[in-house]
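Below you'll find the structure, written out as structure tokens, and then a few comments.
Letters go in sequence order (proteins before strands), and every chain restarts at 1. Computed over heavy atoms, backbone and side chain alike; hydrogens, waters and symmetry mates excluded.
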Protein chains: 2
Amino acid sequence: MAKEKHPTRERILDAAEELFANKGYEGVSVRQIMRQADADVSLAYYHFKSKQDLFDQVMLRRVEYLNSIRLKALEAVEERHPDDAPSVEEIIDAFTHPLLDLLAKEHDEWKYYFQLIAQINNSPEWGGELMTRYFDPLVRRFIDALRKALPDCDEQDLFWSYHFLSGALTLTFAETKRIDNLSGGVCRSSDMASINERMPAFLAAGFKALCSR
Amino acid sequence: MAKEKHPTRERILDAAEELFANKGYEGVSVRQIMRQADADVSLAYYHFKSKQDLFDQVMLRRVEYLNSIRLKALEAVEERHPDDAPSVEEIIDAFTHPLLDLLAKEHDEWKYYFQLIAQINNSPEWGGELMTRYFDPLVRRFIDALRKALPDCDEQDLFWSYHFLSGALTLTFAETKRIDNLSGGVCRSSDMASINERMPAFLAAGFKALCSR
DNA sequence: ATAAAAATTCAACGCTCGTTGAATGGTAGT
DNA sequence: ACTACCATTCAACGAGCGTTGAATTTTTAT
């Protein structure tokens, strides 16, 4: 496993990320995290202020990079269309593709982070606030782009469409293997290439259907 | 509040349902549940075998009724089409409408149960297994109906489409208020009528787009 | 080599956790 | 009135919780 490559602080973040993703914030103790990180319990409180702070740092570690690559993907699409508006599908693809590509890598570096986001997005307690805090500016940027691509779209239709998109995307992150059972092995939760092929088309059709009623 | 109407066992289930939905299974203690149910801690272990059993009974209490009304809705749609196949939108509507109607009631009887389902569906740990156990027969029935409505659809496209549907639907259950913030008040998470108007059309367009590529 | 700073270890705090067993009250049938 | 039986209360168990302070080792800078 060669765990000793990383400095302690990162090993703690790695362990916390994986365990929070699997069991939820309350389902994991600091002691369990530090056991997995192979370090003394009190080191958690040397490197972080509290369990909650550790959780926050797990979230923050990756969120900026995530937002930056998604913004770049959107800007690239827009630069490809200096005159007209990009298609709905292109915009949605810029929103989802960067994430699914990270998940498609053979190592698990991003897997647990996205599982965590899936849980947060669907948590009545923290879902609204955390997702807003971390992703709102980027999401507004994408919705602006979609509004331009669908100039006659009612605002409610636009936001509800994004809501459906968000649900479909984050359930994909959870990788619960439900679809593996349901499909009898025809589909696999971890098969991001298949999702990449299908999700933007599926969602773009939904946007267009709602916004041109 | 007039809590004393219900027998103890139901009061415990009510309290557990609400607290599990808000904080997750591990985020709530049996003591908290019994405090909210206004009963002694040990009564939890008189009426239920363990905390896990209490959770299971919370799930089981409503799942049969849920499956029965959704099956009836599908059968009603099919009876309306004795010769041809029902439309994709009608089938999806039968899948979602009964649930959203329960959520639309002014009291909160069903709210917490659906929030719980939203969390479970997106939980890497239990999501696949629990959802499969409780909803698989019904879901297979609906997918069969959709397959008939989309006879040329590839199996992978069909299952992935259902996956996107499931994500969109369960995020709606979570009622995280994220869309309230994002839309600046234009949309409200609790506005099931608005979702009822839009979700079947959105998802049906997605199914059709994927299945006729 | 030495002093300062960073990282790690050890022991412990008060508290809550899930769970249990034994004692008590209430209610129905005889 | 007596007896079962169902429902509830009370007290407690060992274990694990988040967190802290002080002592110790390791690294860095002079």
Side-chain angles (χ1 to χ4, degrees), chain A residues 1-61 112 116 119-120 123 125-126 129-130, chain B residues 1-61 112 116 119-120 123 125-126 129-130:
Chain A
M1 288 291 180
K3 277 186 177 177
E4 292 295 334
K5 283 193 299 188
H6 305 296
T8 302
R9 195 190 129 97
E10 281 199 33
R11 289 210 324 280
I12 300 175
L13 286 171
D14 289 341
E17 187 175 70
E18 179 175 343
L19 290 170
F20 283 149
N22 281 332
K23 317 257 193 185
Y25 178 78
E26 319 265 10
V28 178
S29 71
V30 178
R31 285 173 166 83
Q32 287 175 267
I33 293 168
M34 299 308 287
R35 224 173 287 142
Q36 171 146 339
D38 200 30
D40 189 274
V41 204
S42 55
L43 266 179
Y45 297 87
Y46 175 76
H47 290 283
F48 306 95
K49 290 190 345 202
S50 62
K51 185 186 180 184
Q52 182 62 54
D53 180 49
L54 170 54
F55 179 87
D56 292 341
Q57 300 306 322
V58 166
M59 292 304 298
L60 281 169
R61 177 166 61 150
Y112 305 112
L116 205 41
Q119 286 184 262
I120 289 171
S123 147
E125 180 106 311
W126 305 318
E129 196 220 328
L130 283 187
Chain B
M1 288 291 179
K3 279 187 176 177
E4 291 296 335
K5 283 193 301 188
H6 304 297
T8 303
R9 195 190 129 96
E10 281 198 32
R11 289 211 324 279
I12 299 176
L13 286 171
D14 289 340
E17 186 175 70
E18 179 175 344
L19 290 171
F20 283 149
N22 282 332
K23 318 256 191 184
Y25 178 78
E26 319 266 10
V28 178
S29 70
V30 178
R31 286 173 166 83
Q32 286 174 268
I33 292 168
M34 300 308 286
R35 222 173 287 139
Q36 171 146 340
D38 199 30
D40 190 273
V41 204
S42 55
L43 265 179
Y45 296 88
Y46 176 74
H47 290 283
F48 306 95
K49 290 188 345 197
S50 63
K51 185 186 181 185
Q52 183 62 54
D53 180 49
L54 170 54
F55 179 87
D56 291 341
Q57 299 307 320
V58 165
M59 293 304 297
L60 281 170
R61 178 165 61 149
Y112 304 113
L116 205 42
Q119 286 184 261
I120 289 172
S123 148
E125 179 106 313
W126 304 317
E129 196 220 326
L130 282 187

Below 4.0 Å: OP1/OP2 of C:dT8 and any side-chain N or O of A:Tyr46: no
Contact check, side chains of B:Val58 and B:Glu18, non-hydrogen atoms, under 4.5 Å: no
Any side-chain heavy-atom pair of A:Glu17 and A:Leu13 under 4.5 Å: no
Spacing between B:Arg31 atom CZ and D:dA12 atom C1', to the nearest angstrom: 10 Å
More than 12 heavy atoms from other groups under 6.0 Å of NZ on A:Lys23: no
Presence of A:His47 side-chain N/O under 4.0 Å of C:dA6 phosphate oxygens OP1/OP2: no
Selection from C:dT19, D:dT19, D:dG21 that lies nearest to any side-chain heavy atom of B:Lys51: C:dT19
Sugar-phosphate, base or nothing in reach of A:Thr8, heavy atoms under 4.0 Å: sugar-phosphate
side-chain N/O A:Ser29 vs D:dC17 OP1/OP2, d < 4.0 Å: yes
Sugar-phosphate only, base, or nothing, as touched by B:Ser50 at under 4.0 Å among non-hydrogen atoms: sugar-phosphate
Touch class at under 4.0 angstrom, heavy-atom based, for A:Gln52 against every strand present: nothing
Minimal non-hydrogen separation, B:Ser50 against B:Tyr45, with atom names: CA-CE2, 3.9 Å
Presence of A:Tyr45 side-chain N/O under 4.0 Å of D:dT20 phosphate oxygens OP1/OP2: no
